[in-house]
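Here's a structure for you.
Note that these values count all heavy atoms, side chains included, but never hydrogens, waters or copies made by symmetry. When a ligand or atom number is given, it counts from 1 through the structure's own listing order.
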Amino acid sequence: MHRNSGLQAAPPAQLVFPHPAPPAPRSTVEVAPGILWARLALPFLLDHVNLYFIDDGDGWALVDTGIGDEATKAAWQELLGAPLRNRPLTRIIATHFHPDHVGAAGFLLRRFDVPLYMAATEYLQSLNINLDPGALEAAHYRRFYLEHGLDAETTQRVVTSGHAYLKLTSGLPPTYHRVIAGDVLRIGSRDFEVLTGGGHSPEEVMLLCRAEKLFFSADQVLAKISPNVSATAVDPEGDPLGYYLRSLRALRADVEGDVLVLPGHNLPFYGLHTRAAELIAHHHARCDRILQACRAAPRSAAELVPFVFTRKLDPHQMGFAFSEVLAHVNYMLRLGTLKPADTDGAIQRVAAVL
Ligand SMILES: [Zn+2]
Ligand SMILES: [Zn+2]
């Protein structure tokens, strides 16, 4: 390779995508020996989710399932034939409770009598939504949005249509196989270390095969999208952004930078450390915007949304945007760059410290 004399080449700052295009619908692509990648459609702005199949001897260990709607069930009928070489599933690993990842698990487990592997908090969260979906419209959800400044009409739309996606599941089994950070899963001839990270979901499971430099990152690190990091009505003062940044720093420290990242959305890529650094910088930039806005006047989380998200938002997106802004506010309250503003009572606002 040609090199300019005297000039040291900088390490590659850009991500490298070994597969420039995703698999065609209802087909698979082999991304490593005995590891297949497929995609299922989602009825959202984010219109797809990635699934992976790891050779497990007698069949495939599945990583994530797609959403629990009829289109996904129909796609599964075709995937389970030739695209999967007519081999069965041996177990299902759901990385986290979001319905695009665990939603079709009940449907699949009615067909295959195999264990469901999940982290405990992810399983319990999913089970909770399955057992009591009406709770998503309960008083504490409405209070959460109203207290942070969302108007009554938008609150109503967010807790009904904005929450509808959480119900797109096909049930969960009453028993599961718990995985926890530090476990090693033997899948076929490979060992996978279990890593978990917070922020996007409570305890998202990632799988690392150090011997072959394969890293299933779930939604924790995606190539194009900044994964949603939301404060929730159940833990309204929680610090998911703090957990998320902590997780990104841990991935940079604990996982080698030259792994092939196999994410839950977008394309597989090389460049884990670069992408993790980009995501950290992205959240710091959002904190700066919020700080600037709060220097001009005390503001509620809802009033801060347009400073962070400039495009028009539907109820689904508004729910995410509001909760994401509140995650930044909660993080900055802990850092001490924001403080609670004197309030007129009903709505909580924050002010810049400096
Ligand atoms: Zn997710
Ligand atoms: Zn996802």
Check your understanding: Can the ring centres of F322 and F144 be said to be less than 6.0 Å apart?
Key ->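 For F322 and F144, the ring centres are under 6.0 Å apart.
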Point to revise | Partners passing ring-ring contact (aromatic ring centres under 6.0 Å, His included) against H96 (at least two apart in sequence or in another chain) | key: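 Applying ring-ring contact (aromatic ring centres under 6.0 Å, His included) to H96 gives H98, H101, H200.
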**Study point:** Residue and atom, protein N/O/S, under 2.8 Å of the Zn ion (ligand 2)
**Key:**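 Listed by chain and number, the nearby protein N, O or S atoms are D100 OD2, H101 NE2, D219 OD2, H265 NE2.
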Point to revise | Side-chain ion pair, D55 and R87, N-O less than 4.0 Å | key: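 So D55 pairs with R87 through a salt bridge.
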Check your understanding: Who pairs with H177 by ring-ring contact (aromatic ring centres under 6.0 Å, His included), at least two apart in sequence or on another chain?
Key ->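 If we apply the ring-ring contact (aromatic ring centres under 6.0 Å, His included) test to H177, skipping adjacent residues, the hits are Y117.
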Check your understanding: Which residues pass the salt bridge (Lys or Arg N to Asp or Glu O under 4.0 Å) test with E153, sequence neighbours left out?
Key ->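 In terms of salt bridge (Lys or Arg N to Asp or Glu O under 4.0 Å), with neighbours along the sequence ignored, E153 is linked to no residue.
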Review point. Do E193 and R210 meet the salt-bridge criterion of a basic N to acidic O distance under 4.0 Å?
Key: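 Yes.
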